[in-house]
Amino acid sequence: METLFSISSNSIFSPLQNPKASTFSAPFSSESKTQNWVCLKSSNCNDLKGFKGLKMMSVVKCLSSSDEVGSVENGVKRKKNLAVFVSGGGSNFRAVHKAILGGDVNGEVVVLVTNKNDCGGAQYARENGIPVIIFPNSKGEPEGLSSNNLVAALSTYEVDFIFLAGYLKLIPSELIRAYPNSILNIHPSLLPAFGGKGYYGTKVHKAVIASGARYSGPTIHFVDENYDTGRILAQRVVPVLANDTAEELAARVLRQEHKMYAEVAAAVCEERVIWREDGVPIIRSKANPSHYS
Ligand SMILES: Nc1nc2c(c(=O)[nH]1)N[C@@H](CN(C=O)c1ccc(C(=O)N[C@@H](CCC(=O)O)C(=O)O)cc1)CN2
Ligand SMILES: NCC(=O)N[C@@H]1O[C@H](COP(=O)([O-])[O-])[C@@H](O)[C@H]1O
């Protein structure tokens, strides 16, 4: 069981449990780096001093250099195993998968989960040799899995993170408990606005236009027990034009979704997501480790 220690300026450690790798950590200190240990810390903790007043947490993992551990194997970061959930065409899934194939995301989509066996996302997965699981079990999909069987199935694929990408069913608490702070969703509005039950697909964009909002854009957030109420990780903004149709706005937002999900997937797989003490997740820039967004 991987334990991620988070530290604040008063060095109070609070464990963040992550059900995956077999790492264990030593208390953070600059002395943590010895011949047997490689201490991986978020860039340079000194960089966090810029966040005065916000006790920043730095995720510190001190890893045995001899065993296969959560994120490092013989000095090379292990690819993260990803499960992607879709219900429709899967353009976000394809965007993340193409970013993986292009070498921009250090991950692998090991399984595709859908509630619609014949959707475009499932067809793309089969064409690319990615196993497809049906969830949940329903009248329309009698071969679908139950929640507990889905958790077991994802465990056999050694899934590290789950990305929801146009998945239209409520993720059950069994899955959320099994993957704490490890399930992300993309929503086509600037949450918390225009989110929640009933807000999906074109319905979202119609509501945005009808509201008179001048800006919209996608949100990627961590998933909790309710629709669209989890911690926001990333957003992008697009203009809403006076004569926009819902379809035109949807297309403008979707283009940003594809770019943003690929960037977030890269950050997740490179362990560049850091949790502030106030519980807000932020992403450390790859290009400039002292920059966060
Ligand atoms: N536990 C969670 N599950 C899911 C979340 C979440 O944040 N927490 N996000 C959704 C995705 N989503 C918005 O981003 C969303 C999807 C669907 C609905 C909705 O109202 N669905 C309808 C059924 C639609 C259908 O079956 O065609 C409903 O529940 O009545 C709202 C928001 C994925 N799961
Ligand atoms: N509330 C959930 C929701 O509306 N999700 C939205 O469904 C679309 C899926 O497109 P895709 O299948 O082509 O990725 C995307 O726009 C995504 O933000």
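Numbering of ligands and ligand atoms starts at 1, following listing order.
- In terms of protein heavy-atom proximity, atom 22 (C) of ligand 1 is closest to Y200 CE2, 3.9 Å.
- Under 4.0 angstrom from ligand 1, the non-hydrogen atoms of N185 all belong to its side chain.
- Between S91 and ligand 2, a contact under 3.5 Å exists for at least one N or O pair.
- The nearest non-hydrogen atom to atom 8 (C) of ligand 2, considering only G166, A165, C119, comes from G166.
- Here the shortest heavy-atom distance to atom 30 (O) of ligand 1, taken over K197, K169, E225, K116, belongs to K197.
- Atom 5 (C) of ligand 1 has its closest protein heavy atom at Y227 CD2, 3.6 Å.
- A donor atom on one side chain and an acceptor atom on the other are not found under 3.5 Å apart for E225 and S173.
- When only interatomic distances are considered, the shortest N/O to N/O separation between G201 and ligand 2 falls below 3.5 Å.
- In terms of polar-atom proximity, defined here as any N/O pair under 3.5 Å, D224 does make such a contact with ligand 1.
- The distance criterion of under 3.5 Å between nitrogen or oxygen atoms is met by G198 with respect to ligand 1.
- Atom numbering of ligand 1 starts at 1 in the shown order; those under 4.0 Å from a heavy atom of V223 are 1 (N), 2 (C), 6 (C), 8 (N).
- Nearest protein heavy-atom contact of atom 13 (C) of ligand 1 is D228 OD1, 2.9 Å.
- Taking each of L168, V84, N92 in turn, the one with a heavy atom nearest to atom 10 (O) of ligand 2 proves to be N92.
- Inclusion of Y200 in the set of residues having an N or O under 3.5 Å from an N or O of ligand 2 is not warranted.
- Distances below 4.0 Å separate heavy atoms of H221 from the following atoms of ligand 1: 7 (O).
- Residue N226 has at least one N or O atom closer than 3.5 Å to an N or O atom of ligand 1.
- Of the protein's non-hydrogen atoms, the one nearest atom 17 (C) of ligand 1 is L168 O, 3.4 Å.
- Nearest protein heavy-atom neighbour of atom 33 (C) of ligand 1: Y167 O, 3.2 Å.
- For atom 3 (N) of ligand 1, the nearest non-hydrogen atom of the protein is I171 N, 2.9 Å.
- On a distance-only criterion, G196 and ligand 1 share no N/O pair closer than 3.5 Å.
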